[in-house]
Amino acid sequence: MLSGTFISFEGPDGAGKTSALAAITAKIQPTLGDRLTITREPGGNPISESIRAIILDRANTDMDYRTEALLYAAARRQHIAQTILPALAADQLVLCDRYVDSSIAYQGAGRQIGEDAVAQMNTFATDGLLPDLTVYFDVPAEVGLRRIQIHRQADQVDRLDVEQEAFHDRVRAAYLRLQQAHPERIKLIDATQSPDQVVAEALALIKQTAARYF
């Protein structure tokens with residue numbers, strides 16, 4: 001039995017979701033202690049982090065798009081088996097920076113290999129495990145890319161960050177379609193607001209979904 005609560009954070013590049021997750025963690029860690037697991041995709045354990053390094057390495061420009069999608073799915077499966085499922089079985093609150101919706105948006109739509117095909121691939125990888133809540137940080141592509149240019153060092157920009165704006169427009173459009181198709185799970189936050197307001201709204205959604213932890 002999985003008694004824990006699983007919440008994912010999603011958004012286009014530059015939406016600020018990782019910064020929001022860090023701020024939220026700082027606020028709730030003192031209360032939750034070891035009942036809180038913070039993780040990320042791709043990654044979350046040594047095997048998945050090794051796959052992450054391959055996927056995001058800017059030297060791997062020859063990587064086939066389907067290979068990329070399969071690597072994300074492989075990293076996700078290991079992440080689920082080794083990190084997420086044990087945490088949920090231990091009744092923990094799991095906050096994850098990216099999950100399946102990222103693959104559908106980035107590989108399915110951004111890479112144009114098919115949203116349905118990527119979704120089906122990930123149904124196998126996840127065995128149908130979906131978050132109880134997905135907090136989607138929405139920002140126009142041009143705003144997100146401008147933030148990346150301003151705030152990230154050159155060595156922090158990965159293989160996906162350097163894609164053209166049209167790629168990121170497709171990613172955002174796919175995210176919005178997912179949110180409209182699954183409004184009960186995916187809750188949209190306007191990430192063009194101040195960081196404090198974004199964090200406050202995200203934290204309110206988390207506390208609403210995982211009230212028993214607070």
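Side chains included, hydrogens not; waters and symmetry mates left out as well; all remaining heavy atoms used.
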Measure across [X] and [Y] and return the closest heavy-atom pair with its distance rounded to 0.1 Å.
X      : Y      : answer
Asp190 : Leu188 : N-CD2, 4.0 Å
Asp91  : Ser3   : OD1-O, 3.0 Å
Gln78  : Ser48  : CB-OG, 3.5 Å
Ala141 : Asp169 : CB-OD1, 3.1 Å
Val171 : Ala105 : CG2-O, 3.6 Å
Thr134 : Ser8   : OG1-OG, 2.8 Å

Return the [atom1] to [atom2] distance between [X] and [Y], rounded to the nearest 0.5 Å.
X      : Y      : atom1 : atom2 : result
Ile104 : Met121 : CD1   : CE    : 10.5 Å
Gln92  : Ile84  : CD    : CD1   : 11.5 Å
Leu145 : His168 : CG    : NE2   : 4.5 Å
Leu71  : Glu68  : CG    : CD    : 8.0 Å
Arg76  : Leu70  : CZ    : CG    : 11.5 Å
Leu95  : Gln29  : CG    : CD    : 9.5 Å

Do the non-hydrogen side-chain atoms of [X] and [Y] ever get within less than 4.5 Å of each other?
X      : Y      : value
Met63  : Ile54  : yes
Val199 : Lys27  : yes
Pro12  : Tyr136 : yes
Pro140 : Thr192 : yes
Pro42  : Ile51  : no
Ile24  : Phe9   : yes
Thr39  : Cys96  : yes
Val118 : Arg111 : no

Taking a hydrophobic cluster as the set of Ile, Leu, Val, Met, Phe, Trp and Tyr residues connected by side-chain heavy atoms closer than 4.5 Å, whether directly or through intermediates, do [X] and [Y] fall within one such cluster?
X      : Y      : result
Leu205 : Leu32  : yes
Leu203 : Ile38  : yes
Val198 : Ile206 : yes
Ile113 : Phe167 : yes
Leu129 : Val100 : yes

Please list every donor-acceptor pair under 3.5 Å in which a side-chain atom of residues 175-183 meets a protein atom from a residue at least two apart or in another chain.
from, atom 1, to, atom 2, distance (Å)
Tyr175, OH, Glu10, OE1, 2.6
Tyr175, OH, Arg98, NH1, 2.9
Tyr175, OH, Ser102, OG, 3.0
Arg177, NH2, Glu115, OE2, 2.6
Gln179, NE2, Ile186, O, 3.2

Taking CG in Asp64 as the centre, count heavy atoms belonging to other residues, nucleotides or ligands within less than 6.0 Å. Is the count above 12? yes
If you count the non-hydrogen atoms of other residues, nucleotides and ligands that lie under 6.0 Å from CZ in Arg185, is the total more than 12? yes
From CA spacing to verdict: side chain to side chain donor-acceptor pair (under 3.5 Å), Asp97, Thr18: CA-CA 7 Å; Asp97 188 342; Thr18 302; 2.6 Å; yes
May I have the step-by-step check of salt bridge (Lys or Arg N to Asp or Glu O under 4.0 Å) for Glu142 and Arg172, ending in yes or no? CA-CA 11 Å; Glu142 64 272 17; Arg172 185 195 182 205; over 6 Å; no
Let's go through Glu49 and Arg40 carefully: what are the C-alpha distance in whole Å and the side-chain angles of both, what is the deciding distance for side-chain contact (heavy atoms from CB on, under 4.5 Å) to 0.1 Å, and is it a yes or a no? CA-CA 9 Å; Glu49 289 288 341; Arg40 70 174 183 177; 2.8 Å; yes
Cation-pi check, Lys207 to Phe214: give yes when NZ or CZ is under 6.0 Å from the six-membered ring centre and within 45° of the ring axis, no otherwise. yes
Quick one: do Glu165 and Arg146 make a salt bridge, cutoff under 4.0 Å? no
What verdict does the ring-ring contact (aromatic ring centres under 6.0 Å, His included) test give for Tyr99 and Phe6, after you've listed the backbone C-alpha separation in whole Å, the side-chain angles of each residue and the deciding distance to 0.1 Å? CA-CA 11 Å; Tyr99 191 61; Phe6 181 22; 4.9 Å; yes
Modelled atom types, side-chain donor and acceptor of Asn45 and Thr83, under 3.5 Å: yes
Residue list, side-chain hydrogen bond (donor to acceptor under 3.5 Å, both in side chains) with Gln193, at least two apart or on another chain: Glu201
Could you check whether any side-chain N or O of Arg147 sits under 3.5 Å from a backbone N or O of Gly14, counting only pairs where one atom can act as donor and the other as acceptor? yes
